[in-house]
Structure formats: C-alpha cells, structure tokens
Amino acid sequence: MRKIGLLVAGVAALGMALGQANVIKIATQSPLSGPQAALGEQIKLGAELAIEEAKAKFKALGFDLVLVPYDDQANPDVGVANANRIINDPDILGVVGHLNSGVAIPSSEVYARVNLVMVSPANTNPRVTDRRLPNVNRICGRDDVQGPVGAEYAFNNLKVKNVFVIHDKTAYGQGLAEEFRKRLEALGGKAVAFVGTEETSNFVPIINQIRAARPVPELIYFGGIYSQIGPFVKQLRERGLKTRLMGGDGLDSSEFVRLAGKENAAGTYYTTVAGPVSAFPKAKAVAQRFKQKYGKDMEGFGIYAYDSANVILAGLEAAIKAAGGKKPTREQVAQAVRQVKMEGLTGTIEFDDKGDNKKAKYFVMQVASTGNWADNKLIRVIEMAAPGSR
Amino acid sequence: MLEQILALLPQVIFDGFILGFVYAMVALGYTMVYGVLELINFAHSEIFMIGAVVGVEVFRYLAPQVESGFLLLLLALILGGVVAGITAILVERFAYRPLRKRGTTNRLVPLITAIGVSFILQDLVRLIEGLWHNEFFLRMRTVEDLEGSVSLFGGAIFAQTKSFTLMGVSILMLVGLTYLVNRTKLGVAIRAVAQDLHTASLMGIDPDRIISRTFLIGGSLGGVAGVLFALQYTTITPYVGFLPGIKAFTAAVLGGIGNIPGAMLGGLVLGQLENFFGTYLPILTNGNFGTEYKDVVAFLILIFILLVRPQGLLGQVVKEKV
C-alpha cells in the first residue's frame with residue numbers, strides 16, 4: 001500500500017514537473033454515451049460555455065484555459081478509471097461532475113488523494129458531502145431535503161393527509177421515500193403504507209393494495225427512477241385509478257412521459273434539484289448563447305454545470321492571485337473554491353463546512369399534458385439550508 | 001382485515017392466473033429441453049426476452065399500417081415465435097451441440113454455457129436496440145382494440161381484453177403442445193429421444209434433428225409468451241427475461257420437470273402464490289412485511305412443497321432406464 005502511495009506521489013511529482021506552466025485544464029465527467037447521455041451532455045456543454053467565456057480573462061492572467069471532457073458512462077468503474085487518468089494530468093485543476101451519485105462517490109475519493117477539487121451540479125445523495133472530503137462540493141440540493149419538500153407541498157398545498165408510499169429499495173429511492181414519510185408524519189399526515197419493490201414490469205399486486213388501502217390514499221409517493229415509475233403509472237391508470245402521484249428528481253426526464261404515456265403522466269408532481277431555465281431569470285441570456293452555440297436548449301443540469309464551472313474558475317482566480325500570479329497547486333485551488341462566495345445563475349453560491357451549498361433551491365414541478373417535457377409547470381421554488389452533518 | 005382480503009380476492013385470483021399463464025408458457029420451454037436433454041437451458045429466459053422485443057418492434061412498425069389490433073397481435077405472435085424459435089435453434093446448434101458431440105459428460109459444462117449464452121443474448125439485444133433506436137427501455141405501443149376492459153361480477157374483477165387474449169393463447173398452446181407430443185410422429189420421436197438418445201438413434205431417428213425441433217418448439221412458445229408479456233406489462237428491457245425465467249424454471253421443477261402438464265400447473269401455482277402474497281403480505285402482517293417479500297414467501301412455500309413431494313406435483317419417480 002505504501003509502495004503504491006509512493007508510486008502515485010512519484011508519478012504526480014513527475015507529472016507536475018512535466019506539466020506546462022501556462023495551461024490550466026478543467027475536466028468534466030458525466031455520461032456522454034448510453035441511456036443517460038442527454039443529461040450528461042448538458043453538464044459537459046454547460047461547463048464548456050462557462051470556460052469559453054472565461055478564456056479571455058485567464059489569458060490576461062497569463063494562462064490558457066482548456067476543457068477536457070470525460071465520459072463516465074454512468075458507471076462507477078469507468079468513472080474511477082477516468083478519475084485516475086485525470087489526477088495523472090497535472091494541468092487539470094478542477095472537475096465538474098458527475099451526474100450520478102453512485103459514480104461521484106467513488107470517483108471523488110480518487111480526486112481526494114491529490115486534493116483535486118470537484119464541484120457537482122447534480123449529485124443529491126447526502127453521502128456525497130457527508131464524508132467531509134475537503135475537495136468535494138455541490139451546488140444542488142440533497143435528498144434529505146428534497147423528500148421533506150415534497151411532503152410539505154403535499155400536506156400544505158395539495159391538502160393531502162393519507163399517502164401511499166412506494167420506493168425502489170435503492171439508496172436513492174428508499175432514502176427519499178423515508179425522508180418524505182418522516183416529514184409527512186411530523187406534519188400530521190399518515191403514510192397508509194410503506195412498500196418497497198424491485199419489480200420492473202408487474203405492478204398489479206401494489207395496485208391492488210392501493211385499491212384496498214384504508215383510509216383511501218389521496219396521493220401516491222414513489223421514490224424511484226422514471227424507468228420504474230413510468231410503467232407503474234401506466235398500469236395504475238389502465239386499471240382506472242386516478243389517485244394523484246408524486247416523485248423525486250428521478251422522475252425528471254422526458255423518458256417518463258414516453259414510458260407512461262402522455263395522458264397517464266399528465267399532472268404528476270415531482271420535486272427536483274435542478275430547475276428549468278424558466279426558473280432562473282438570469283439564465284435567459286446564457287441559455288440564448290447556449291442555443292446559438294450548440295443548437296440545443298439549455299436544461300437544468302446545463303445551468304448547474306455552468307455555475308459549477310464558474311465556481312471553480314472563481315476559486316482558481318483567487319488562488320492565482322494568492323500565489324502571486326503563478327500557477328497554484330491543486331490544494332490551493334480546493335481551499336479557494338471552498339471559500340468562494342458568488343452570485344451564479346442559480347442564486348448565491350456559498351459552501352458550508354461540508355461542501356454543501358449553504359442554501360440550495362428545490363423545485364416542485366408538474367408534468368404538462370402536452371407530452372413535451374419543457375412545458376412542465378414550475379409550481380414552487382423552495383430555498384432551504386442543507387442539514388448539519390450527522 | 002378479513003373484509004379487505006375478501007373484497008380483493010376475486011381480483012387477486014384473476015391477476016394470479018394471468019401471471020401464472022406467462023410463467024407456464026415459459027416453463028414449457030424449460031421442461032421440454034430438460035425432458036429431452038436433461039439440460040437446464042437458462043438461455044431460455046433470453047429467448048423469451050427476444051420474443052418480447054420482437055413484439056414491441058412489430059407493434060412499433062406495423063401499428064400505423066394494420067388497422068385491427070387483433071391482426072397486429074397475431075402478426076406479432078407469429079413473428080415473435082418464429083424469431084425466438086430460430087434463435088433457440090441457433091443457440092442449440094452453436095453452443096450445446098458441439099459440447100454434446102465431444103461427449104462431455106459433466107452436467108455443469110452445458111449449464112455454464114447456458115448462462116454464458118444468456119449474457120451474450122442480453123448484450124446483443126442491448127447493442128442492436130441501442131444502435132437502432134438508442135433506447136434502453138422499450139415501450140409496447142398502445143393499440144385501441146386491445147386496451148378495452150370490462151368489469152365482471154359487479155366490479156369485483158377488473159379485466160382487460162388483452163388479459164383474456166393472453167389466457168386464450170396460452171391455453172391453445174398447451175392443448176396444441178400436448179397433442180403434438182402425444183399424437184404426432186414428431187411427438188413420438190421426441191419422446192423416444194427423451195427416453196434414450198442412443199437407442200432412439202438406432203431406431204432410425206436422427207437425434208440432432210429431433211433436438212433441434214425440440215428447441216424450435218420450446219423457443220417459439222417462449223417467444224409467444226414474450227410477446228404476450230410485453231402486451232400485458234408494456235415496458236421491456238434486455239434484462240426483462242431474467243426473473244420470469246427463474247420463476248418459470250421453478251414452476252417447471254414444481255410441476256415435475258420434464259412433465260408438460262406439470263409445467264403448466266406449476267406456472268399457475270407459482271403465479272397465484274406470488275400474486276397472493278404480493279398483494280396480501282402487508283395486510284396479513286400489519287405492514288411489517290411489504291410486497292418486496294412476496295418472492296421469499298412464494299419460494300419458501302415451494303421449498304416446502306418440494307420437501308414433501310420431491311418429484312414435483314405431477315412428476316413421477318424416474319424409473320431406471322433399461
């Protein structure tokens with residue numbers, strides 16, 4: 001183990017010596033191929049736009065700014081392999097990523113070995129920052145706030161008391177559902193059932209339970225991913241049940257409408273940590289530049305990636321100044337990023353001692369009946385502090 | 001509690017039959033191959049998946065052209081059956097036959113080959129669908145004719161048209177298969193090969209051909225089951241075959257593996273058990289055990305049945321072959 005450590009240190013030192021003095025690279029890691037590529041590409045392009053726009057400023061400081069995108073394929077193994085390549089490139093001083101918490105958690109441990117700073121636009125699992133790694137930060141919200149936000153909206157605004165809670169038995173889905181139930185019951189509501197299922201095709205037993213549940217549930221909360229909730233809703237509606245449905249950001253994909261069918265998906269509520277462009281007045285101009293440059297609409301994760309990259313750049317700039325105009329070390333950048341306080345497109349960004357944004361935004365959305373994901377209605381924006389670490 | 005259970009019971013039994021018929025149809029493929037080769041063909045669950053994927057593709061491309069939903073379903077069933085049957089033949093030809101020709105006597109070797117083939121088929125379908133549509137979750141297209149539903153017994157049972165279709169087709173398949181095995185020349189040959197491969201070949205039967213046809217029949221039944229499964233449960237992935245496959249295999253063992261009516265009965269029993277406990281566990285245990293334990297309970301009961309009756313429900317104690 002010590003030998004490996006020495007080797008890594010040796011390689012890193014060699015790399016440092018070979019690194020070009022005036023080039024600074026920022027990496028992105030997100031899925032660029034496979035079923036989640038659409039979301040991952042937003043992260044890459046959002047960061048790319050921010051870096052393009054900052055190039056001139058860094059040129060004036062004497063540095064060439066370069067973006068290096070990596071494809072983690074939404075796969076932890078690939079993410080870690082990429083992370084090892086990233087830490088061996090001494091010019092890379094920051095990482096924007098990832099999309100999936102399951103990939104971010106092991107990869108960030110690799111970055112931590114060399115104090116390489118990571119700013120996440122999308123990872124919601126509490127463990128991402130609860131490990132208190134000095135190099136790991138995120139600007140989006142957390143699942144242990146997202147669940148309660150859903151519960152409060154359901155109880156206070158939808159006036160719902162009895163909720164049938166389902167989860168997919170994963171760390172994400174079950175965690176979210178449990179947080180939802182806790183807050184709902186604290187408010188005075190009742191979870192008439194709390195059911196886990198790994199089933200992906202036959203939801204009939206659960207649907208029958210919903211029919212038999214007493215008191216009659218006024219809402220179904222499903223902590224899970226669109227790929228499971230989509231067919232569930234389809235079968236639910238086919239059987240004539242009109243009960244309202246709510247989920248977390250696992251639902252935030254147009255695939256949900258495709259799998260559930262447009263008329264079945266319409267009206268579904270979901271909470272998310274990355275709001276649409278319409279939720280951020282400041283993002284409008286950036287979204288126009290984005291569209292011009294890439295020919296695509298800027299979506300939630302693109303905005304968050306743009307901000308993530310800018311946070312890294314702000315930290316970098318501060319670190320360069322502190323180092324007297326010389327290229328800072330990774331550790332200096334990581335420390336400077338943790339101190340950043342800036343106004344991004346998504347609001348004020350300022351990290352607490354764990355690396356969570358001091359106040360993150362959570363959005364309550366409703367699926368539109370047109371079948372077009374961009375038409376979904378933004379119902380409410382809630383700003384809430386991250387809970388203290390446990 | 002009792003009131004709740006009784007109110008749902010007709011529905012639960014009805015849904016259990018639908019699921020049971022799916023398992024039964026898949027179990028037929030396992031049981032036939034086992035009967036003839038004493039091989040547990042785990043790749044059969046992927047044959048089933050291929051049938052489902054073909055069904056989705058037929059609906060995707062032909063639904064705008066064909067007006068009647070039933071005609072469309074018929075086309076999908078035929079194509080799904082044919083493609084799945086051909087895949088099964090190819091699997092037998094290239095994966096199992098070479099092992100048999102080498103005279104491998106170790107039972108584990110073909111079993112592991114079967115598991116390997118099943119991974120290959122999963123990834124092949126994933127690759128093709130990825131390149132073709134860039135889709136991982138395939139969705140069965142909705143067709144109006146098949147989407148109808150009726151309420152039976154004063155609302156006690158909610159039944160969809162497609163559920164009746166599923167049941168009808170699977171009963172037809174069982175009857176047809178029983179006739180084929182018991183009354184036709186091919187059936188006699190299959191039974192002869194099942195009895196003793198070597199002796200059968202001395203009686204003028206080409207065992208390779210018979211084995212190939214067994215795979216064709218078992219595979220097409222699996223493919224048809226896949227199409228009906230896709231129609232009923234709508235979302236298909238390359239990995240959708242795994243669980244139904246394992247359960248159908250269990251059903252075949254429960255019914256007495258190698259026994260065709262046994263596979264059917266085993267499938268129905270398993271479908272009922274799974275659906276019954278899936279629905280009632282939380283009610284029976286007052287919420288302490290959720291639906292996620294349905295398979296655990298169903299399998300515990302299966303283990304118990306097999307302890308009491310190791311040869312399976314309709315199986316006979318295998319007589320020494322002379």
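All figures in this text were calculated on a predicted structure; none of them were measured in a lab. A note on names: the letters A, B, ... follow the listed sequences, proteins ahead of strands, and every chain is numbered from 1.
- Taken from CD in B/E292 to NE2 in A/H167, the straight-line distance is 5.5 Å, to the nearest 0.5 Å.
- Heavy-atom distances place no part of A/A193 under 4.5 Å from chain B, backbone and side chain included.
- Considering OH of B/Y280 and CG of A/N208, their distance stands at 8.0 Å, rounded to 0.5 Å.
- Residue-environment remark: NZ (A/K169) exceeds the threshold of 12 foreign heavy atoms within 6.0 Å.
- Ranked by heavy-atom pairs under 4.5 Å with chain A, the first of B/I236, B/T234, B/T235, B/D15 is B/D15.
- Contacts between B/L19 and chain A at a heavy-atom distance below 4.5 Å involve the side chain alone, from C-beta outward.
- Heavy-atom distances place the side chain of A/R211, and not its backbone, under 4.5 Å from chain B.
- Taking the side chain as every heavy atom from C-beta outward, B/F136 and A/E255 never approach each other to under 4.5 Å.
- Contact of B/F229 with chain A is made through the side chain alone, with heavy-atom distances under 4.5 Å.
- Around the CZ atom of B/F242, the shell of radius 6.0 Å holds no more than 12 heavy atoms that belong to other residues, nucleotides or ligands.
- Within 6.0 Å of atom CZ in B/F119, 12 or fewer heavy atoms from other residues, nucleotides or ligands are found, so the atom counts as exposed in its surroundings.
- With respect to chain B, the highest number of heavy-atom pairs below 4.5 Å among A/S201, A/G230, A/G261, A/G240 belongs to A/S201.
- In this structure, the portions of A/Q209 lying under 4.5 Å from any heavy atom of chain B include both its backbone and its side chain.
- Chain B forms the most heavy-atom pairs under 4.5 Å with one residue out of A/V195, A/I206, A/N202, A/V204, and that residue is A/N202.
- The environment of B/Y293 atom OH is sparse: at most 12 non-hydrogen atoms of other residues, nucleotides or ligands sit within 6.0 angstrom.
- Closest of all the heavy-atom pairs between A/P205 and B/G278 is CB-C, 3.6 Å.
- Contact annotation for A/E238: both backbone and side-chain heavy atoms come within less than 4.5 Å of a heavy atom of chain B.
- Between atom CD1 of residue A/I210 and atom OG1 of residue B/T279 there is a gap of 11.0 Å, rounded to the nearest 0.5 Å.
- Comparing B/E274, B/R139, B/K294 by heavy-atom pairs within less than 4.5 Å of chain A, the highest count is held by B/R139.
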